[in-house]
Amino acid sequence: MEILLKNGSLELEDGASCLAAAQKISEGLARSAVAAKINGELCDLSATLKAGDTLEIVTLKDREGLEVYRHTCAHILAQAVKNVYPTCNLAIGPVIENGFYYDIDFKTPITLEDFAKIEGEMLKIVKANTPIERFELPRAEAVKLMKKYKEKYKVELINDLPEDAVISFYKQGTFTDLCRGPHLPSTGKIKAFKLTALTGAYWRGNEKNKMLTRIYGTAFEKKSQLDEYLIAAEEAKKRDHNRLGRDLGIFMTSDVVGQGLPILMPKGAKILQILTRFVEDEEAKRGFMITKTPNMAKSDLYKISGHWAHYRDKMFILGEVDKNGESPKGEEIMALRPMTCPFQYQIFKNGLKSYRDLPCRYSETASEFRKEASGEMHGLIRIRQFTLSDGHIICTKEQVEDEFKRCLDLSYYILDALGMRNDVSFRFSKRGKSKSDKYIDNDEAWNKTEAMMKVILDDLKLDYVEADDEAAFYGPKLDIQAKNVYGKEDTLITIQIDFAAGESFDMHYVDADGVKRHPYVIHRSSIGCYERTLALLIEKYAGAFPLWMCPVQVKVLPITDRTLAYAEQVAEKLTYAGIRCEVDKRNEKIGYKIREAKLEKTPYVLVVGDKEAEDMTVNVNRRGVEEKSTVALQEFMAKVVEEDAKKIIF
RNA sequence: GCUAAUAUGGCUCAGCUGGUAGAGCAGCUGAUUCGUAAUCAGCAGGUCGCCGGUUCGAAUCCGGCUAUUAGCUCCA
């Protein structure tokens, strides 16, 4: 029979396997093959071919090949765990970005110390080089088999498979696991693996279900690649803002202040001030009106906005309330604001608006408060009080598209200045099919707004992923996502269209035809949450920020006390020119001072000695540049001022 | 909130199976006045996160709380 390849064709015996095909092409290919694709479908190497099939051999060079490899490793982990702890129950064991995990229900909890034992058992399974065989069963038989092995989670999985699903199993020696596959032909193919973490995870991702034990691991083709990966992961941790930010004196936390309440120290506060001024000025240039609204309000406001019904458990409430959110004593209840929207709406409602007043663009550097669950806090990324560049554009239906695009343009501009434009991805966060009570109940509004946003996003040719059940309680969002050093993704910036607020807040404007109409609202952030953005900046630059956002741009180091006066004179001139600088006045050797200034990642270090003092020059050490140069102080100042204004990203 | 781990001077960490704390860096003092990533010496600094329990005796064992970290859930 004839089999089609990417380039050319192959003559094989009837019923030949993919592996046989690979062997016919070359022995080398057969050795490196891990799976195959028949007519584009990923399958085992043992899968048989039919005349006319298109065949592609998958190796570890392919992403899918590595996934098959890691998935097989997950099965080896499962088998090893079953060997060591026969009473445990297996749940699921998928491949993830950098490896795999397996969720397991242990009768008695295991610890990290048990990893050695499990890894040892895995090694035995690999060394035994057991063949891995696929077989299929009808549903009833499949359930029976898993019941025999007392795998209750697998039984549940089988029962939830669609009616027409093929139910397949993989058997390696005495171990059999429910799995769609494909897998490697035998366990001996695994060369380098390691178990990396031990955590908990809810069965089926639902917090109402039992929490299982999740074992994370990874596997590579070669030991050297595994080592490289582990070292890279260690290196990434050194950039972790939560460590670096503290080391560099950017922020701290205090037990007595509380969880999720970071304290920004002078350097961190300075960076935020620089970013805030930049953003507020840019917003003003783009027609935003700055507002300053209260940090708290009566529950009455949140009842109108829907927060009281949909968001109350995440709010800090001042005063005693019952489970319906009412004061048992009939007192006035205040709450810290989790968002700025309802406050800015009050400004719009102040006085009758004409269509000529629209779009009405409000923005504010707002402190917001959200009672995140205790386990959810993380450094500066997830906190309970944060500063959001929060704004609302109140406009006509016709203006929505243009205003939305302007919001995105502003965010692009800011991301460019931060050097982060290429670090983000886009998510269209919809309610989608999910209709839980966490969303405002208005199908028409949801459908209409989601459709409207999709048209805009498609028109912008944005490369976005759609995500159901990720919307805000009041509407869909365009989320601009960024990843931290651990690869965990968070929302940096969000732009949202709200179609219901006009009506629920009774906002209106008088249109050209004299009719009162409800406006549309765009909720948006330009730079996102300052603390979170700062966290990602620390990690991106490993603390070596672009000049314009450095809390200390220049450090002046006198060589001896003789030139201290000159150093101070230099610093005074720099400060007067708007350059942020410090003088290291300590009586230390110049090498010592340079070392410290460099560890602090100061962009410019100026060494001043007798020579420099004599002719009003400075010896310039640029961060990351080996050569040093002596230039006139005036010249240096002009250069730094220019560089600062340009917001050059290095 | 859940599953786990961790908590020792400002920082990084030692302190084995319970006998009552130690180093390096930082700090302070003195000497040194030095030309590009750590000058030398001395001093000081800790009720071992907090509260309770077991014990003749707890940094060490047990419980509770607080905080931190990874993950789950959630999310700007």
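So that the names make sense, note that chain A is the first sequence line, chain B the second, and so on, each numbered from 1.
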When only distance counts, do a donor and an acceptor, one from the side chain of A:Glu612 and one from the base of B:G35, lie under 3.5 Å apart?
yes
Would you indicate which nucleotide in B:A38, B:U33, B:A70 comes nearest to any side-chain atom of A:Arg595?
B:A38
Pick out which of A:Lys210, A:Lys82, A:Arg214 makes a salt bridge (charged side-chain N to carboxylate O under 4.0 Å, His left out) with A:Asp105.
A:Lys210
Go ahead and name the base partner of B:A26; Watson-Crick or wobble counts if both distances stay under 3.5 Å, otherwise write none.
none
May I have the distance from A:Met252 (atom CE) to B:A67 (atom P), rounded to whole angstrom?
14 Å
Counting only Watson-Crick or G-U wobble pairs whose two distances fall under 3.5 Å, which nucleotide matches B:A4?
B:U69
Categorize A:Glu596 for me: base, sugar-phosphate, or nothing, with a 4.0 angstrom heavy-atom threshold over every strand shown.
nothing
Please report, rounded to the nearest Å, how far the C1' atom of B:C72 is from the OH atom of A:Tyr101.
10 Å
Between A:Glu531 (CD) and B:C75 (C1'), how many Å, whole number?
15 Å
Can you tell me which nucleotide in B:A70, B:A76, B:U36 comes closest to the side chain of A:Asp240?
B:A70
Just call it for A:Asn206: base, sugar-phosphate, or nothing, with non-hydrogen atoms closer than 4.0 Å on any strand.
nothing
With a cut-off of less than 4.0 Å, is there a side-chain N or O of A:Arg427 near OP1 or OP2 of B:C75?
no
Starting from P on B:U66, measure out to CG on A:Leu261 and report it in whole angstrom.
14 Å
Which of A:Leu574, A:Asn619, A:Thr617 passes side chain to side chain contact (heavy atoms under 4.5 Å, CB included) with A:Phe636? Answer is A:Leu574
Tell me the closest heavy-atom pair linking A:Thr602 and A:Arg623, and the distance in Å.
O-CB, 3.6 Å
How many whole angstroms separate atom CZ of A:Phe369 from atom P of B:C75?
20 Å
Does OP1 or OP2 of B:C2 have a side-chain N or O of A:Lys210 closer than 4.0 Å?
no
Of the nucleotides B:G35, B:G27, B:U73, which one has an atom closest to the side chain of A:Asp610?
B:G35
Please tell me if A:Gln259 has a side-chain N or O lying less than 4.0 Å from either OP1 or OP2 of B:U68.
yes
Taking atom NZ as the centre, does A:Lys194 end up with more than 12 heavy-atom neighbours from other residues, nucleotides or ligands that are less than 6.0 angstrom away?
no
Classify the angle between the aromatic ring planes of A:Tyr464 and A:Phe428 as parallel (below 30°), tilted (30 to 60°) or perpendicular (above 60°).
perpendicular
Output yes if the stacking criterion (under 5.5 Å between centres, under 30° between planes) is met for A:Phe386 over the base of B:A76, else no.
yes
Please state whether the base of B:U73 and the side chain of A:Glu376 form at least one donor-acceptor pair under 3.5 Å?
yes
Could you state the CD-P distance from A:Gln385 to B:A76, rounded to the nearest angstrom?
17 Å
Kindly say if A:Arg246 contacts the phosphate of B:G10, meaning a side-chain N or O under 4.0 Å from OP1 or OP2.
no
Mind checking whether A:Phe473 and A:Tyr311 have parallel, tilted or perpendicular rings, split at 30° and 60°?
tilted
Pick base, sugar-phosphate or nothing for A:Ile493, based on heavy-atom distances below 4.0 Å to the nucleic acid.
nothing
Side chain of A:Lys488 - closest among B:U33, B:A76, B:C72
B:C72
Output yes when at least one side-chain N/O atom of A:Tyr592 is less than 4.0 Å from OP1 or OP2 of B:A26, else no.
yes
Proximal nucleotide (of B:U68, B:U33, B:U12) relative to the A:Thr560 side chain:
B:U33
With a 3.5 Å cut-off and heavy atoms only, can you find an N or O donor on one side and an acceptor on the other between the side chain of A:Arg382 and the base of B:C74?
yes
